[in-house]
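From a predicted model like this one, the values you see are computed outputs, not experimental measurements.
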Amino acid sequence: MKSILRIEVKGFVFLVLAALLFVVAAPDAIASPAGKRFETFEWNLDLPDNPVSRRISRYFSFTGPEPVVLADIEGPGCIRRFWITGGNIGRDVVLRIYFDNEPVPYVEAPLNDFFGAMHNLMNGPYPQDHTRTELPDSVYTLNTTFLTIKPKNSFTAYFAMPFATRARFEVIGSESPTGLFYTIDWHEYPGREMKEPMRFAARWRREAPVRDYQDEFILLDADGPGQFIGFVYSVDMLQDRHAMRWSHAGSDNIYIDGDGEQPAHMRGIGGEDVFGTSFGGGDYIAQTSLFSDMPFYIQKDAKGDMQKLVGYRFFVNDAIHFRKSLHVRFAARAHDIASMAYWYTSKPVRPFFKMPPREKRLPGSEVRRGEYDLPLPESGQWWLSGPFPEGQFEHELPTQARFNPGKPLQGQPWKRFAALRGFIDFNHVYRPEPSNRNSPTLTDAIAVARATLISPSDTRATLTLAWDDQLVIRVNDGKRIDMGTQQYVRAKTVEVPLKKGENSVALWLSNEMGLTRGTWVFSFRAVTRKGDVLLPQVAGQ
């Protein structure tokens, strides 16, 4: 009897420990005292309790460029699943999703790209072959928590999409008829209020060819507050890897809150590393995993010198939140590149890319930088000069009285450059010659930035700067202020006097490989005691 009791006690203790382990390991699956259940991967959304499950299940065909409504759903609610199959699911068709009667769609993308089917693949009938043991080269599968692609052209998105009053799904077709089988599953909250301010957003962008080895492929620009969910990225190499490897221009560059109080910058190593793979610049066996991978990777030629590929990355355990702004770029060579970006935002979407006409969406067409790009929010401009060898340049920071943009600084010309949401990235201006070296950057170098602040009165201002390595700053004819050396981009503040009118600001930033793979970036924000935000301006235009 005692032994039986001992076994039962041990079993009870085991169950208690297991339950505690579940609570610790899976906080998103805990029921609150009010009975509210936070399901896995809810992205911290505050959704009402006691949902009622609803579904639209339909076949629909359409032709032509006029918007066609797939679903118009009353809120409050939250889209839970969107599945489609059918014919002509490709870049001929544009998907738009609107929430809460906002005039600008939160989601705008070619229909297949939205689900992660890039390169306009899987837009036609699936080839019938009952002896097939492998997928054809034009088909790939995707198995993630948020997006799935199955053989025979079945596409599913599982993003949670909350809305307060209304969700409207629209498609815009072409001259070719499109037939869709689709299902939209959502939760309705009768009699409840949607307090969650975040809305799901997604945008597509394409550039072909990308400007080689310059200021990188623009993937996303968004206003905060928000959360970056992830992205899908496709490359169709236009030159062979011996001249231009897709993976070796660099990696992802994520600029967070450069115009806020706690800026951050994240820089990767190589293109393939972003997707959790390695040594993938020349060959890779396509596969798919939970949060990151390359599900499509084919050789375009017999020698394996040119590839066509798709990679994806979702930020779950490594969540990326932003409060003021988010800007994302991907270092690239001159290939055909397209991307899908997914995020949550509490503000209406401000488009950064205009959807091109059908012929410009299709592979093989040319889309140059700026052709469909929309202006980004203004965050100031600077004069830049460099690079200078580290150790051979004193802290010569030009003041207003001596500054002349037409006069070189120690033999180097001044270049005018617009800030990216408060950030200046010297790697966009001073790069080594294009090469196939892995993520090259200029190291053991320094550069100088110079701008003007126009103050409405004699006052003091707080400057917030974020950088890595060593930064030295000077305002007007004041003393040089060594802000110190940092191993990664962090923010520090300094208070400085400003006179009414023009004030010169110059800074000096060094660059070593360090712990951030050659990050050479700083952010700048100036706020007066009265709360006026002063944007850096360029004088002597």
Q: Indicate yes or no for a side-chain donor-acceptor contact from R199 to the backbone of M161 under 3.5 Å, with no hydrogens or angles considered.
A: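 It does not hold such a pair.
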
Q: For G116, does its backbone N or O pair with a side-chain atom of D113 as donor and acceptor, under 3.5 Å?
A: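 No.
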
Q: Are R313 and D273 ion-paired here, with the side-chain N under 4.0 Å from a carboxylate O?
A: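 Salt bridge absent between R313 and D273.
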
Q: Please check if the side chain of N404 supplies one atom and the backbone of G406 the other of a donor-acceptor pair under 3.5 Å.
A: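 Yes; at least one donor-acceptor contact below 3.5 Å.
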
Q: Please determine whether the number of non-hydrogen atoms from other residues, nucleotides or ligands lying under 6.0 Å from atom OH of Y372 exceeds 12.
A: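 Atom OH in Y372 is packed in, count exceeds 12.
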
Q: As a test of understanding, state which of R205, H335, R329 forms a side-chain contact (heavy atoms from CB on, under 4.5 Å) with F217.
A: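 Answer to the side-chain contact (heavy atoms from CB on, under 4.5 Å) test with F217 among R205, H335, R329: R205.
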
Q: Any chance the rings of F426 and W520 have centres within less than 6.0 Å?
A: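 Yes: the rings meet the under 6.0 Å criterion.
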
Q: Can you tell me if D257 uses its side chain to pair, donor with acceptor, with the backbone of K324 under 3.5 Å?
A: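 Checking the backbone N and O of K324 against the side chain of D257, a donor-acceptor pair under 3.5 Å is found.
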
Q: Is the distance between the ring centroids of F322 and F228 under 6.0 Å?
A: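 Aromatic pair excluded; centres sit 6.0 Å or further apart.
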
Q: Is E261 atom CD crowded by more than 12 heavy atoms from other residues, nucleotides or ligands, each under 6.0 Å away?
A: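 No, not enclosed.
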
Q: Should Q381 and R416 be marked as a side-chain hydrogen bond (donor to acceptor under 3.5 Å, both in side chains) after you check the CA-CA gap, both sets of side-chain angles, and the distance that decides it?
A: CA-CA 7 Å; Q381 297 189 19; R416 184 176 174 178; 2.6 Å; yes

Q: Decide yes or no on side-chain contact (heavy atoms from CB on, under 4.5 Å) for D259 and S379, but give the supporting numbers first.
A: CA-CA 8 Å; D259 42 5; S379 60; 5.5 Å; no

Q: Measuring from atom NZ of K492 to atom CG of L465, what distance do you get when rounded to the nearest 0.5 angstrom?
A: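 Rounded to the nearest 0.5 Å, the NZ-CG separation comes to 11.0 Å.
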
Q: Enter the distance from L509:CG to L471:CG here, rounded to the nearest 0.5 Å.
A: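 Rounded to the nearest 0.5 Å, the CG-CG separation comes to 5.5 Å.
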
Q: Give a yes or no on whether the backbone of L507 and the side-chain of R474 come within a donor-acceptor separation of less than 3.5 Å.
A: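 No.
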
Q: May I have the step-by-step check of salt bridge (Lys or Arg N to Asp or Glu O under 4.0 Å) for D223 and R421, ending in yes or no?
A: CA-CA 10 Å; D223 301 325; R421 306 307 291 265; 2.8 Å; yes

Q: Within the distance-only criterion (no hydrogens, no angle test), does the side chain of Y342 pair as donor or acceptor with the backbone N or O of F114 below 3.5 angstrom?
A: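 Yes, the answer is positive, given that a donor and an acceptor are paired below the 3.5 Å cut-off.
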
Q: State which residue, out of F417, W414, F522, F423, fulfils the ring-ring contact (aromatic ring centres under 6.0 Å, His included) condition with W382.
A: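 The ring-ring contact (aromatic ring centres under 6.0 Å, His included) with W382 is passed solely by F522 among F417, W414, F522, F423.
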
Q: Could you tell me whether the side chain of E371 and the main chain of R368 form a donor-acceptor pair under 3.5 Å?
A: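 Side chain of E371 to backbone of R368: a pair is present.
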
Q: By the definition side-chain contact (heavy atoms from CB on, under 4.5 Å), identify the one residue from D221, I256, I320, I254 that meets it with V328.
A: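 It is I254, the one option of D221, I256, I320, I254 that forms the side-chain contact (heavy atoms from CB on, under 4.5 Å) with V328.
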
Q: Testing the 3.5 Å rule here: is there a donor-acceptor pair between the side chains of Y297 and D283?
A: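 Per modelled atom types, Y297 and D283 side chains form no pair under 3.5 Å.
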
Q: Assess, by modelled atom type and distance only, whether the side chains of S510 and D469 contain a donor and an acceptor separated by less than 3.5 Å.
A: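 A donor-acceptor contact under 3.5 Å links the two side chains.
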
Q: Sort out for me which residue in N253, D215, T441 forms a side-chain hydrogen bond (donor to acceptor under 3.5 Å, both in side chains) with N427.
A: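 That would be T441.
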
Q: Apply side-chain contact (heavy atoms from CB on, under 4.5 Å) to residues V538 and T452 and explain how you reach the verdict.
A: CA-CA 6 Å; V538 292; T452 299; over 6 Å; no

Q: Could you walk me through whether D252 and M266 pass the side-chain contact (heavy atoms from CB on, under 4.5 Å) check?
A: CA-CA 8 Å; D252 56 338; M266 303 168 68; over 6 Å; no

Q: Counting only heavy atoms not in Q487, do more than 12 fall under 6.0 Å of its CD?
A: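 No, not enclosed.
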
Q: Is it true that a side-chain atom of Y312 and a backbone atom of L147 form a donor plus acceptor pair closer than 3.5 Å?
A: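 No; zero donor-acceptor contacts below 3.5 Å.
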
Q: Could you check whether atom CD of E433 has more than 12 heavy atoms from other residues, nucleotides or ligands sitting under 6.0 Å from it?
A: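 Open.
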
Q: Please step through side-chain contact (heavy atoms from CB on, under 4.5 Å) for the pair W343 and Q227, ending with a clear verdict.
A: CA-CA 6 Å; W343 74 102; Q227 181 173 352; over 6 Å; no

Q: Within the supplied structure, the quantity of interest is the number of heavy atoms (other residues, nucleotides, ligands) at a distance under 6.0 Å from R490 CZ; does it exceed 12?
A: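 No, because the 6.0 Å sphere around CZ of R490 holds 12 heavy atoms or fewer from other groups.
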
Q: Surrounding CZ of R323 (heavy atoms of other residues, nucleotides or ligands, distance under 6.0 Å), is the total greater than 12?
A: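 Counting other residues, nucleotides and ligands, CZ of R323 stays at 12 neighbours or fewer.
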
Q: Are any side-chain N or O atoms of Y430 and backbone N or O atoms of G386, one a donor and one an acceptor, separated by less than 3.5 Å?
A: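 Here the side-chain-to-backbone pair exists.
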
Q: Please list all pairs meeting salt bridge (charged side-chain N to carboxylate O under 4.0 Å, His left out) that have one or both residues in residues 293-303, counting only residues at least two apart or in different chains.
A: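 The answer is D236-K300.
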
Q: Examine F200 together with F159 and report whether their ring centres are nearer than 6.0 Å.
A: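 Yes - the distance between ring centres of F200 and F159 falls below the 6.0 Å cut-off.
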
Q: Looking at K354, I'd like to know if its NZ atom is crowded, meaning that more than 12 non-hydrogen atoms belonging to other residues, nucleotides or ligands lie closer than 6.0 Å.
A: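 For K354, atom NZ is not crowded (no more than 12 foreign heavy atoms under 6.0 Å).
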
Q: Would the Y233 and W246 ring centres measure less than 6.0 Å apart?
A: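 Distance test on ring centres: not under 6.0 Å, no.
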
Q: Is a side-chain donor or acceptor of T519 paired with a backbone partner of V521 at a separation under 3.5 angstrom?
A: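 Not a single qualifying donor-acceptor pair exists.
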
